[in-house]
4 protein chains.
Amino acid sequence: MVQKSTPARSDTPPKAAPDSTRRSEKSRRAIYEAALALVGEVGYQKVTIEGIAARAGVGKQTIYRWWSSKADVVMEAFVDRSEQAAEAVPPGQEYAIPDTGDLAADLKFVLRATVDELLDPAFEAPYRGLAAEGLVNEELGRRYVAKLLEPSLQLYVQRLRAAQDAGQVRADIDPRIALELFVSPLAQRWLQYAGPISYEYTDTLVDYALHGIASPGGNQR
Amino acid sequence: MVQKSTPARSDTPPKAAPDSTRRSEKSRRAIYEAALALVGEVGYQKVTIEGIAARAGVGKQTIYRWWSSKADVVMEAFVDRSEQAAEAVPPGQEYAIPDTGDLAADLKFVLRATVDELLDPAFEAPYRGLAAEGLVNEELGRRYVAKLLEPSLQLYVQRLRAAQDAGQVRADIDPRIALELFVSPLAQRWLQYAGPISYEYTDTLVDYALHGIASPGGNQR
Amino acid sequence: MVQKSTPARSDTPPKAAPDSTRRSEKSRRAIYEAALALVGEVGYQKVTIEGIAARAGVGKQTIYRWWSSKADVVMEAFVDRSEQAAEAVPPGQEYAIPDTGDLAADLKFVLRATVDELLDPAFEAPYRGLAAEGLVNEELGRRYVAKLLEPSLQLYVQRLRAAQDAGQVRADIDPRIALELFVSPLAQRWLQYAGPISYEYTDTLVDYALHGIASPGGNQR
Amino acid sequence: MVQKSTPARSDTPPKAAPDSTRRSEKSRRAIYEAALALVGEVGYQKVTIEGIAARAGVGKQTIYRWWSSKADVVMEAFVDRSEQAAEAVPPGQEYAIPDTGDLAADLKFVLRATVDELLDPAFEAPYRGLAAEGLVNEELGRRYVAKLLEPSLQLYVQRLRAAQDAGQVRADIDPRIALELFVSPLAQRWLQYAGPISYEYTDTLVDYALHGIASPGGNQR
DNA sequence: TACTAATCGAGACGGTACGTCGGGTCTTAAT
DNA sequence: ATTAAGACCCGACGTACCGTCTCGATTAGTA
């Protein structure tokens, strides 16, 4: 209702950004853990800042000093966990879509893995909660996309580019759009409970996307 | 205190469902209008049951008697509005995707109209709010899909079936899945702020979906 | 907060007093019984009009039509029960303080009986509840006094008058005031939890009241 | 309903008593003032916790944190005001019943002052409201007696003891009981609207109580 | 190594909204 | 016309969290 900050304006000083060199690492870790644990236990919706603070053994102010909202905290906690997981992967071709030369097979393989992941409750709770918040809070939504969604999608872009180089995908195709043909349907079915998801379904998506749905010699126009 | 209906199980009584024959039509309409107006004015998130009641000139209890949550109220209000709009259409081929014989053109036309609609703030507010709630509340999410999403998608199914009959779409294609190739990407970009949406973008989606992204003579395996 | 009715004023007609000839005797009895039962079970405070109506199997309106408040209902129910009890007494010298010729003994006897009554939970609940309401609602308070309190006190007046005739009480004494010397202290101790009540205590009150507390030859000016 | 004392037992935790050292004095004062003002303006019955909070510019929780009910708040506010008034009295023989040597005159004087006080609306509103609550809530009633009633009565005890020392009151008289002969009748008439109160009435009470109502040489058996 | 300013745990505070209860009025159908 | 039933508008309840604001009691980085 009331406008509050709009960065600087003196008068009421701009809140004097806290000194991050003095920040307590221990508290940060405790907050991340508490946030993720609570999201898992009671669901994103029912998590409260007070609850996180209590669980982490931390004052509320310590949270408000470094984050601006519950979504912020959970998002960072989630990203942090992802990064932690990423670092655990042996250093080589860490995260990439396999390239066996058979594009269809590679895509089907990755999408099947994605199906498995989506059905894992540990992922589901924070992922859904954040996504929901993101629908309605544009700033957060864009951060969500940039931090959690786009990096995964870029792996598809890479794989599709390789396929273009190999002459398996038409050169005039925009890979960033092309990947949506099979990724977005899966995303929507899962996120919105818009339909069942299965290996068969994702396999079908890949086939349709690669070869199109039109009849081969069909006279379009 | 006294058990009334639903024979056994007692203990914590099932709350004695209200008598819907005596329901006040006036209040219901007022509540729908208040809910939609408020969602438009302050955004779904900031709407409260208390606010709806006050705006509608209605006791809070009257809302709680007939609905179980804000999402419930707004959903029903939204559906009601849609139905009202539907009834206003002259009785003929009310809602359908045009069939000019040119499938690509027809789909592009409809998707362009969808783009326009998605960018209309009047639609956006309740749609997003409900979608967000639906991500996180499965029961609501399924209702959302059934009431608001699936009916629109069925129009695509019809059009694609017609195209199959006309030999423009392969007979082995499942239209319910096929439509997702171009609908879901648009939905995701819009809902999740996952990318820009434009006529050019939707046109591209249709082209990719119809003809596939693979090279014509590409050797897959 | 807002004044609403103030009896007549035309405009909004004075509510058209109900036709008492058509009143349902059965409902009235049921309401009395429900009211007294509930007061006994959950305490005056927690009794609600809704509760009485439900227990009596009666519509709320039927109560509001004939009574103006919970206090009203309970009061009438209580008075009704008293009258019922009174009628059960064999017609003779129904209710009176015994007159053995020994005033002190007679008063002590009656007060001891009163102590017993006051400690009977069946009496206590509605009596206290009504008294409390009466403190704060003058109209009700006066009715309480007239219906429940004064009739008992008049029995003392009669007995004291007899004592005056017998020359045991000074002729210039006002019996209506005199009785308060021993009745009011007991009443206050009980009502307000202002002190313990016992036979010894009431005996003492009678002695003090009869003979005074001043020293016999004390020179009071 | 709520567990109150019995420290441990957990399960449903005992609500973690707030830290009284950090209590806001400003809020407490504001609450007292608001409570007394409202009781004066709209009457004890119509005062609500919500109203007190609003008037005091305080959150409801701040009231619920430190008091358990409206009666509690008003009582404390009332006691606080009494103590404040008491402190304002010049330190000497602050509050005592005058001792001119003439017991009857002294008592009549004090009772006349009490009559005046009882008829002062500023006293009446909270006094009656609290008394009413006290009838029906034993715990509160006893607190009421201890804090507001008994201290006044002790003044009579002192004066009567002095009179005993002076040989004006019989030595075997219990002053705590004796005072009730004239105090309780006045209290009952006022509290319960049980009869008119006037100087003449209280004078009469004193006379009756001092000398008794029995005939001097009356043969009691 | 001591100083001193920021951060920390804790939680009281002014608020908003929750979901529930009951008051008193009004409407409906059955008697 | 009264009744049982109960929906209605309304006001207050007591609770949960919000985000802000003190409080000592630690910590660091600097002097």
Side-chain angles (χ1 to χ4, degrees), chain A residues 1 4 16 18-24 26-27 46-51 53-54 56-66 68-70, chain B residues 4 16 18-24 26-27 46-51 53-54 56-66 68-70, chain C residues 1-2 4-5 15-16 18-24 26-27 30 46-51 53-54 56-66 68-70, chain D residues 1-2 15-16 18-24 26-27 46-51 53-54 56-66 68-70:
Chain A
M1 223 111 284
K4 203 147 285 178
D19 178 349
S20 53
T21 68
R22 286 173 164 278
R23 184 167 182 181
S24 160
K26 190 164 65 120
S27 295
K46 291 201 181 133
V47 172
T48 65
I49 298 244
E50 286 204 342
V58 139
K60 279 205 286 178
Q61 200 53 246
T62 300
I63 297 186
Y64 283 109
R65 186 158 23 236
W66 303 107
S68 66
S69 66
K70 172 177 76 166
Chain B
K4 201 148 292 176
D19 178 347
S20 53
T21 69
R22 314 191 48 178
R23 184 168 182 182
S24 161
K26 191 159 67 106
S27 295
K46 291 199 182 135
V47 171
T48 65
I49 298 240
E50 215 148 61
V58 138
K60 276 203 285 182
Q61 201 58 251
T62 299
I63 297 187
Y64 284 111
R65 186 157 26 236
W66 303 109
S68 65
S69 65
K70 173 177 74 165
Chain C
M1 225 105 286
V2 176
K4 205 149 283 178
S5 44
K15 200 78 244 174
D19 178 349
S20 53
T21 68
R22 287 173 161 276
R23 182 168 185 181
S24 159
K26 189 163 65 116
S27 295
K46 290 200 182 135
V47 171
T48 65
I49 298 245
E50 287 203 342
V58 139
K60 279 205 286 179
Q61 198 53 246
T62 300
I63 297 185
Y64 282 111
R65 187 157 23 237
W66 304 108
S68 66
S69 65
K70 172 177 75 168
Chain D
M1 216 114 287
V2 177
K15 207 75 235 178
D19 177 349
S20 53
T21 68
R22 312 187 51 178
R23 184 166 182 183
S24 161
K26 189 159 68 108
S27 295
K46 292 200 182 134
V47 171
T48 64
I49 297 239
E50 213 148 65
V58 139
K60 278 203 282 182
Q61 202 56 252
T62 299
I63 297 186
Y64 284 110
R65 183 152 35 230
W66 302 109
S68 65
S69 66
K70 173 177 76 166

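Within the nucleic acid shown, D:Gly51 has no heavy atom closer than 4.0 Å to any nucleic acid atom.
Side chain of C:Lys60, nearest nucleotide from E:dA5, E:dG23, E:dG9: E:dG23. Out of F:dT3, F:dC8, F:dG14, the shortest distance to the side chain of D:Tyr64 is found at F:dG14. Nearest to the side chain of C:Thr48, among E:dT28, E:dG22, F:dC13, sits E:dG22. Side-chain atoms of B:Trp66 lie closest to F:dC8 of the nucleotides F:dA5, E:dA12, F:dC8. With F:dA4, E:dC18, E:dT28 as the candidates, the nucleotide lying closest to the side chain of C:Ser27 is F:dA4. Closest to the A:Arg22 side chain, of the nucleotides E:dT28, E:dC8, E:dA5, is E:dA5.
Nearer to the 5' terminus of DNA chain E, by closest-nucleotide assignment, is the contact made by D:Glu50 (compared with the other of D:Glu50 and C:Glu50). Mapping B:Gly59 and D:Gln61 onto DNA chain F by nearest heavy atom places B:Gly59 at the nucleotide closer to the 5' end. With DNA chain F read from its 5' end, the first of the two nearest nucleotides for C:Arg23 and D:Val47 is the one closest to C:Arg23. Residue D:Asp19 is the one, among D:Asp19 and C:Lys70, whose nearest nucleotide of DNA chain E lies closer to the 5' end (criterion: closest heavy atom).
A heavy-atom distance below 4.5 Å is not found between the side chains of A:Trp66 and A:Ser27. Contact check for D:Ile63 versus D:Lys60: no side-chain heavy atoms found under the 4.5 Å cut-off.
Contact detail for D:Ile49 and D:Lys70: the closest heavy-atom pair is CD1-N, 3.8 Å.
The interatomic distance linking A:Lys46 (NZ) with E:dC18 (C1') rounds to 14 Å, in whole Å. Rounded to an integer number of Å, the gap from CD1 of C:Ile63 to C1' of E:dG22 is 13 Å. The distance from atom NZ of B:Lys26 to atom C1' of F:dC9 is 11 Å, rounded to the nearest whole Å.
Remark: D:Ser20 OG to D:Arg23 CZ distance equals 8.0 Å, nearest 0.5 Å.
In this structure A:Thr48 satisfies the side chain to side chain contact (heavy atoms under 4.5 Å, CB included) test together with A:Glu50, sequence neighbours excluded.
Checked by distance alone, B:Arg65 brings no side-chain donor or acceptor within 3.5 Å of a matching partner on the base of F:dA7.
The phosphate of E:dG9 (OP1 or OP2) has a side-chain N or O of A:Thr62 nearer than 4.0 angstrom.
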